[in-house]
Q: 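Got a structure for you, questions after.
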Amino acid sequence: MPRLLIVDRSDTIRRLIESRLPSDFTIDSRVDVNAAAGEHDRYFYDLVVWNAGSDGAESPHAIHALKQFFKHHPESAMIVLSDLEKPDFVKRHNLQCEWLPKPIDREQLLAAIENTIHTWNVAPENTQLIVPVEFEGILAFTLKMRTVIQHIMEAAAQDIPVLISGETGTGKDLVAAAIHKRSKRNKCPFLPVNMGAIAPELIASELFGHERGAYTGASEKRAGLFEQAQGGTLFLDEITTMDEKTQVSLLRVLETKTVRRVRGEKDIHVDVRVIAATNENIEEAVRQGRFREDLFYRLDVFRIQLPPLRERHGALSLLTDHFVALFAGQYKKDIRTVSRETYRLIRNYPWPGNIRELKNVIQRAVLLSKGAELTPDLLPDRIRDPGGLGASAPRDEHAIQLGMSLEEVEKAYIKMALNSVSGNKVKAASLLKISRRTLYNKLKRFDLI
């Protein structure tokens, strides 16, 4: 049973933690840091959360208390809430001590606690491990994403088809790559292909290859992606965009483990693992007859559902800090803090583009920054404006005029629709009589997201 010790002069933090953690956690609290250090020395707690004082004169006292906590239990985990700088000895000895600034950000604190809890469940042999090193690019700060990490490792251990579902920008490509890197096929190719980006008349040739003279311009035979991925993994993204003919051909490959090139006369054996992904509700696509039910069952052997960023509670502050540090180092910027108002705006925005959108926003903000703090003026208008995408801006009744290109007209019309519904993308998509996915694609194309 995990044991937590809270050091705080009030009951505020304890009540906050108890409201979020499972009931099987033992939570004790102390108001005096020295008494808490003695308690930890005698009974050992898996995690200590200390609401430390902010008075600079207390710094030597704080350092002494920290040394006492780690003296006999250097493997223990600790979260410190303080205005003071993290002591050098904590960095020097690489102690598992999370340092969060005051005033307290409730969601950031809870996310830090959840992150620590995950290291007990997923990687007890190395408590400092967040995610396996081959899961490059995957950031898992919340329990929902810890579940995803666990599912990745389970899927990688079995040589079966995997279906990854989730909104645009949630990292489906990273999950597919992580499964491959963790699997026994990791010495062989990993080939990603976006099915929605291939012209329908070329899909068969791309996937299955073609013989010489199969069509105009086919001057020599060519192996398809299934042959090229022999022994490895083929990642098929946006599978619901495939037409009926391609779905039938893919089903045959999965059933027979053979492919036949376009205009070919013999079957070629292929040993390839298929990982598929979609940002649509694939069950709905099956009900509507747009996706074959038998193919769906073939692909949906192991499902991994990626949560949207808006459901990853507590992750926004930590992800923001991560991307700020990443791009500050990349662009040689001296950014040391993020303002409270910036955090507030970031947490209040719905992030329809998920992690990808957040990463791009922070990258732009860091590039534009001149000082040591990331301020709200560095964020795009759609984030500073609660209505989103300029909902509070005055409407221009003459935005569409003769002489504009069709593309300009479409962009202006989409902006008018969004303004009319206060930036609500679901309502805007309904007003425009297009799917939400199509709307998001157009917003990306017109650089409105």
Side-chain angles (χ1 to χ4, degrees), residues 148 150-168 170-186 188-198 200 202-209 223-262 264 266-306 437:
V148 170
Q150 189 64 39
H151 286 167
I152 289 173
M153 292 191 286
E154 292 169 354
Q158 305 296 327
D159 198 27
I160 53 177
V162 177
L163 178 60
I164 306 169
S165 55
E167 295 180 6
T168 298
T170 48
K172 296 184 291 295
D173 54 338
L174 297 177
V175 169
I179 293 172
H180 172 75
K181 291 176 184 176
R182 189 82 172 184
S183 74
K184 64 182 181 180
R185 295 179 178 270
N186 60 10
C188 297
F190 171 77
L191 298 183
V193 53
N194 188 322
M195 302 303 296
I198 305 176
L202 297 178
I203 286 181
S205 176
E206 287 292 319
L207 291 179
F208 314 122
L225 290 169
F226 270 97
E227 288 182 72
Q228 295 174 40
Q230 189 72 262
T233 303
L234 187 61
F235 173 49
L236 304 178
D237 199 3
E238 294 194 29
I239 54 165
T240 52
T241 62
M242 292 189 300
D243 60 21
E244 173 74 13
K245 184 177 180 180
T246 305
Q247 292 180 40
V248 171
S249 299
L250 178 58
L251 180 63
R252 178 182 178 276
V253 174
L254 294 173
E255 289 177 339
T256 67
K257 297 189 183 302
T258 62
V259 297
R260 178 173 294 188
R261 294 175 182 167
V262 177
K266 64 176 184 178
D267 291 335
I268 301 170
H269 175 75
V270 289
D271 175 24
V272 176
R273 180 185 197 171
V274 172
I275 299 177
T278 178
N279 57 13
E280 283 194 66
N281 183 331
I282 192 168
E283 287 87 350
E284 184 61 28
V286 170
R287 283 192 290 271
Q288 294 175 0
R290 295 188 292 111
F291 198 82
R292 292 182 61 97
E293 187 174 21
D294 47 4
L295 178 57
F296 167 64
Y297 290 135
R298 276 284 181 180
L299 295 172
D300 193 33
V301 177
F302 192 104
R303 174 80 69 95
I304 297 179
Q305 176 71 43
L306 298 186
R437 176 192 175 204

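Residue numbers run from 1 in the order of the sequence given. Just so it is clear, the model here is predicted, and its values are computed rather than measured.
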Q: So, does Gln228 use its side chain to make a donor-acceptor pair with the main chain of Ala223 at under 3.5 Å?
A: yes
Q: Just do the side chain to side chain contact (heavy atoms under 4.5 Å, CB included) check on Ile239 and Leu163 with the steps written out, would you?
A: CA-CA 10 Å; Ile239 54 165; Leu163 178 60; 3.9 Å; yes
Q: How long is the span from the CE atom in Met195 to the CD atom in Gln247, to the nearest 0.5 Å?
A: 9.5 Å
Q: Please list, chain by chain and in numerical order, all residues satisfying side-chain contact (heavy atoms from CB on, under 4.5 Å) with Leu202, sequence neighbours excluded.
A: Ile198, Ala199
Q: What distance do Phe226 atom CZ and Arg261 atom CZ have between them, rounded to the nearest 0.5 Å?
A: 14.5 Å
Q: Please report the shortest heavy-atom distance between Ala176 and Ile275, naming the atom on each side.
A: O-CD1, 3.8 Å
Q: What pairs with Phe291 under ring pair (Phe, Tyr, Trp, His ring centres under 6.0 Å), at least two apart in sequence or on another chain?
A: none
Q: How many angstroms lie between CZ in Phe296 and OG1 in Thr278, if you round to the nearest 0.5 Å?
A: 10.5 Å
Q: Restricting to side-chain hydrogen bond (donor to acceptor under 3.5 Å, both in side chains), what partner residues turn up for Arg290, sequence neighbours left out?
A: Glu280, Gln288
Q: Any side-chain hydrogen bond (donor to acceptor under 3.5 Å, both in side chains) pairs touching residues 171-180, not counting sequence neighbours?
A: His180-Thr233
Q: Please list, chain by chain and in numerical order, all residues satisfying side-chain contact (heavy atoms from CB on, under 4.5 Å) with Glu238, sequence neighbours excluded.
A: Asn194, Thr241, Arg437
Q: Work out which heavy atom in Ala277 is nearest to a heavy atom in Phe235; give both atom names and the distance.
A: CB-CE1, 3.5 Å
Q: May I have the step-by-step check of side chain to side chain contact (heavy atoms under 4.5 Å, CB included) for Thr240 and Ile282, ending in yes or no?
A: CA-CA 7 Å; Thr240 52; Ile282 192 168; 4.0 Å; yes
Q: Return the set of residues passing side-chain hydrogen bond (donor to acceptor under 3.5 Å, both in side chains) with Glu283 (not counting sequence neighbours), or none when no residue passes.
A: Arg303
Q: My understanding is that only residues two or more places apart in sequence, or in another chain, count here; which of them pass salt bridge (charged side-chain N to carboxylate O under 4.0 Å, His left out) with Glu244?
A: Arg292
Q: As a quick check of understanding, evaluate side chain to side chain contact (heavy atoms under 4.5 Å, CB included) for Leu236 and Leu250, giving each step before the final call.
A: CA-CA 11 Å; Leu236 304 178; Leu250 178 58; 3.9 Å; yes
Q: Considering residues at least two apart in sequence or located in another chain, which fulfil the side-chain contact (heavy atoms from CB on, under 4.5 Å) criterion with Asp271?
A: Arg185, Gln230, His269
Q: From Leu306 CG over to His151 NE2, what is the distance, rounded to the nearest 0.5 angstrom?
A: 11.0 Å
Q: Grab the two heavy atoms, one from Val301 and one from Pro161, that are nearest each other, plus how far apart they are.
A: CB-O, 3.6 Å
Q: Supply the atom-to-atom distance Leu207 CG to Ser249 OG, rounded to the nearest 0.5 angstrom.
A: 8.5 Å
Q: Please list, chain by chain and in numerical order, all residues satisfying side-chain contact (heavy atoms from CB on, under 4.5 Å) with Ala155, sequence neighbours excluded.
A: Val162, Ile179, Arg273, Phe302, Ile304
Q: Among residues at least two apart in sequence or on other chains, which ones pass salt bridge (charged side-chain N to carboxylate O under 4.0 Å, His left out) with Glu284?
A: Arg287
Q: My understanding is that only residues two or more places apart in sequence, or in another chain, count here; which of them pass side-chain hydrogen bond (donor to acceptor under 3.5 Å, both in side chains) with Asp267?
A: Arg252, Arg260
Q: With rounding to the nearest 0.5 angstrom, report the CD1 to CZ distance, Ile268 to Phe208.
A: 11.5 Å
Q: Considering residues, nucleotides and ligands other than Gln305, do more than 12 of their heavy atoms fall under 6.0 Å from its CD?
A: yes
Q: With a 4.5 Å heavy-atom cut-off, do Ile152 and Val175 have their side chains touching?
A: yes
Q: Taking only residues two or more places apart in sequence or in another chain, which ones pass side-chain hydrogen bond (donor to acceptor under 3.5 Å, both in side chains) with Thr246?
A: Asp243
